[in-house]
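Every number for a ligand or one of its atoms is a count from 1 in the order of the listing. Sequence positions, counted from 1, serve as the residue numbers for this chain.
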Amino acid sequence: MNAETGPVIFIDDNEDLLRAATQMLKLASFSPSVFGSAEAALASIDENFDGPVVSDIRMPGLNGLQLFERVKAIDPDIPVVLITGHGDVELAVAAVKNGAYDFISKPYANDRLLVTLHRASEKRRLVLENRRLRDAVVRSAGDIPLIGEAPTMIRLRETLRQIADTDVDVLVEGETGTGKEVVADLLHRWSKRRTKPFVALNCGALPESVIDSELFGHEAGAFTGAQRRRTGRIEHSNGGTLFLDEIKSMPPALQVKLLRVLETRQITPLGTNETRSIDLRIVSATKADLGDPAARGDFREDLYFRLNVVTLRIPALRERREDIPILFGHFLERAAKRFGRPVPDTSAGVRDRLMSYNWPGNVRELVHFADRVALGLEEVDTPIAPGRKEQAVSNLPLSEKISLYEATVIRDALQECGGDVKRTIEILGVPRKTFYDKLKRHGIDAADYRRNASV
Ligand SMILES: Nc1ncnc2c1ncn2[C@@H]1O[C@H](COP(=O)(O)OP(=O)(O)OP(=O)(O)O)[C@@H](O)[C@H]1O
Ligand SMILES: [Mg+2]
């Protein structure tokens, strides 16, 4: 028989029975945790518990039926097997009708219990696996590809493909709205970890008082108010990817602990001395350039070096203007579909604005703009963000129009020559120094157009 084994929680107030059950379960290759009371057992049960619970019905304190109700409240898919004595059979039958997995009458043959536990373990394993797969499907339903044809974006996608299925930790750097979370998500989905959890944690959003137990978990009774054992987020992401967002806002004390986790790949939940090994890939994100000591502030340098085995920098939208129309077209279509409207034609005014605005909120701001255009809310003459003075190209003075045109011509030429400066200069027929002056003035980096440059 290809029988499923694994953890089992076994509860009985009779010590001799507990000892015998432990031995029997171990012999059958289960990993039993035994408890003398329902209260004690409950502290070890949460929605991630990956096995069945077996309990005697008659016990002082919480009885087996009450325990079943509690477990059901934690996760109705945890199989609970009740052991009944004389006179409880009717109650046990009612409990099974109410969702308990099975009941077994005392005295029982070990084999009878083992068969039930094999089946219950298999069921539990399938439920948890299904949940993980469902999570993965839900995640990919909102599947966002990393759109962009700028040389930097093409290279970024190539690098992502290359490193996604390795275990290196990755630091993603980019201004707000550039797509850091999209990149983290792709690293997960393009890796073999995709069926395991992707756990995102915003290091700036958690109050310092709960961040420890949130990340590392705790045992019941580890501190006042810790009634139940809790699996921390790090442990929860075991096998998968832990996404640490906004790492610069991580409190200093936590930085030290995280560094230890990164070095040892082990955690120690609060209230235990026990260390647990974890297998995870850490992707972190930052808006600041943490490689620059001035920008790093009190973010630890050693932690920075640990996290950035590979750094991926996502360029701001204004540094890849050629992607603006592509992204806009995509978002406009998506918005029109969502709002059940026809895709509007892009007016000259909208087009002008796309190219003349500098998009400080990057792709996110462009998504919102497309939403407004799809809804017909975007008057071409209204400024994009309140208080920001933006003009359509058609309203710009001639000199600025020419300057914009010049930048486009230079970008096109660089693109055509694959970033080869010498050839670009020849094509454009300008002196070398003038060319470099113009690159500087327009904020263009020729390296971005070299196809095999590294990210
Ligand atoms: N290259 C891209 N292709 C398609 N959609 C993108 C791209 N980049 C960003 N987006 C979209 O833009 C929005 C912002 O992206 P995301 O949340 O990943 O940004 P972020 O860098 O994490 O921003 P913040 O620093 O503010 O958290 C999302 O709706 C995302 O789907
Ligand atoms: Mg983000």
Side-chain angles (χ1 to χ4, degrees), residues 138-161 163-164 169-190 198-206 233 237 241-250 282-291 295-297 299 307-308 310-339 343 354 357-375 384-385 448 455:
V138 168
R139 295 191 58 74
S140 63
D143 219 4
I144 317 143
L146 187 72
I147 298 171
E149 294 309 320
T152 41
M153 296 306 281
I154 294 174
R155 254 187 348 251
L156 179 61
R157 268 198 307 272
E158 276 167 11
T159 311
L160 281 174
R161 289 233 178 255
I163 63 171
D169 293 332
V170 179
L171 176 67
V172 189
E173 201 184 286
E175 289 182 10
T176 184
T178 45
K180 296 186 290 296
E181 185 143 3
V182 177
V183 164
D185 187 61
L186 283 180
L187 282 170
H188 180 72
R189 277 195 285 120
W190 286 351
F198 174 91
V199 176
L201 193 83
N202 185 334
C203 304
L206 285 172
R233 301 258 198 124
S237 61
T241 306
L242 178 66
F243 176 47
L244 299 173
D245 206 357
E246 303 276 355
I247 46 165
K248 190 168 178 249
S249 44
M250 190 184 299
I282 297 185
V283 178
S284 36
T286 173
K287 294 193 187 76
D289 172 8
L290 294 178
R296 199 184 302 136
F299 193 79
L307 288 171
N308 86 337
V310 172
T311 294
L312 298 178
R313 184 180 168 272
I314 314 181
L317 196 53
R318 65 181 172 281
E319 296 170 42
R320 44 176 162 127
R321 298 203 80 99
E322 62 267 52
D323 279 350
I324 297 176
I326 304 172
L327 284 161
F328 177 73
H330 172 83
F331 298 139
L332 188 66
E333 209 165 292
R334 193 180 69 181
K337 209 178 276 170
R338 202 170 68 228
F339 301 136
V343 182
L354 286 177
Y357 186 54
N358 78 341
W359 302 103
N362 293 294
V363 185
R364 183 180 294 110
E365 193 178 4
L366 188 61
V367 172
H368 295 157
F369 179 65
D371 284 353
R372 293 199 305 274
V373 172
L375 287 169
I384 287 181
D448 288 347
V455 174

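Checked options R157, R155, R320; the residue passing with E149 is R157 (criterion: salt bridge (Lys or Arg N to Asp or Glu O under 4.0 Å)).
Between the side chains of E246 and N202, no donor-acceptor pair of N or O atoms lies under 3.5 Å.
Short contacts between ligand 1 and K287, defined as distances under 4.0 Å to a heavy atom of the residue, involve ligand atoms 25 (O). Ligand 1 places these atoms under 4.0 Å from at least one heavy atom of P145: 3 (N), 4 (C).
Distances from atom 15 (O) of ligand 1 to the heavy atoms of A285, G179, G361 put G179 nearest. Compare R334, K180, M153, E246 by their heavy atoms: the one nearest to atom 20 (P) of ligand 1 is in K180.
Under a 4.0 Å heavy-atom criterion, L327 is in contact with ligand 1. The closest approach between a heavy atom of G177 and any atom of ligand 1 is below 4.0 Å.
At a 4.0 Å heavy-atom cut-off, ligand 1 does not touch F243 at all.
Here the CG atom belonging to L317 is positioned 11.5 Å from the CD1 atom belonging to I314, to the nearest 0.5 angstrom.
Note: an N/O pair closer than 3.5 Å links I147 and ligand 1 by distance alone. Residue V182 places at least one N or O, backbone or side chain, under 3.5 Å from an N or O of ligand 1. Considering backbone and side-chain N/O atoms, T176 comes within less than 3.5 Å of an N/O atom of ligand 1. Backbone and side-chain nitrogen or oxygen atoms of R364 are examined, and one is located within less than 3.5 angstrom of a nitrogen or oxygen of ligand 1.
Side chains of S284 and M250 form no contact here, defined as non-hydrogen atoms less than 4.5 Å apart. Contact check for V283 versus H188: no side-chain heavy atoms found under the 4.5 Å cut-off.
Ion pairing between a basic and an acidic side chain is recognised when a charged N comes within 4.0 Å of a carboxylate O; D289 and R313 show no such pairing.
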Apply salt bridge (Lys or Arg N to Asp or Glu O under 4.0 Å) to residues D371 and R338 and explain how you reach the verdict. CA-CA 9 Å; D371 284 353; R338 202 170 68 228; 3.3 Å; yes
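Of all the heavy atoms in V182 and P145, the pair that sits closest is CG1-O, 4.4 Å.
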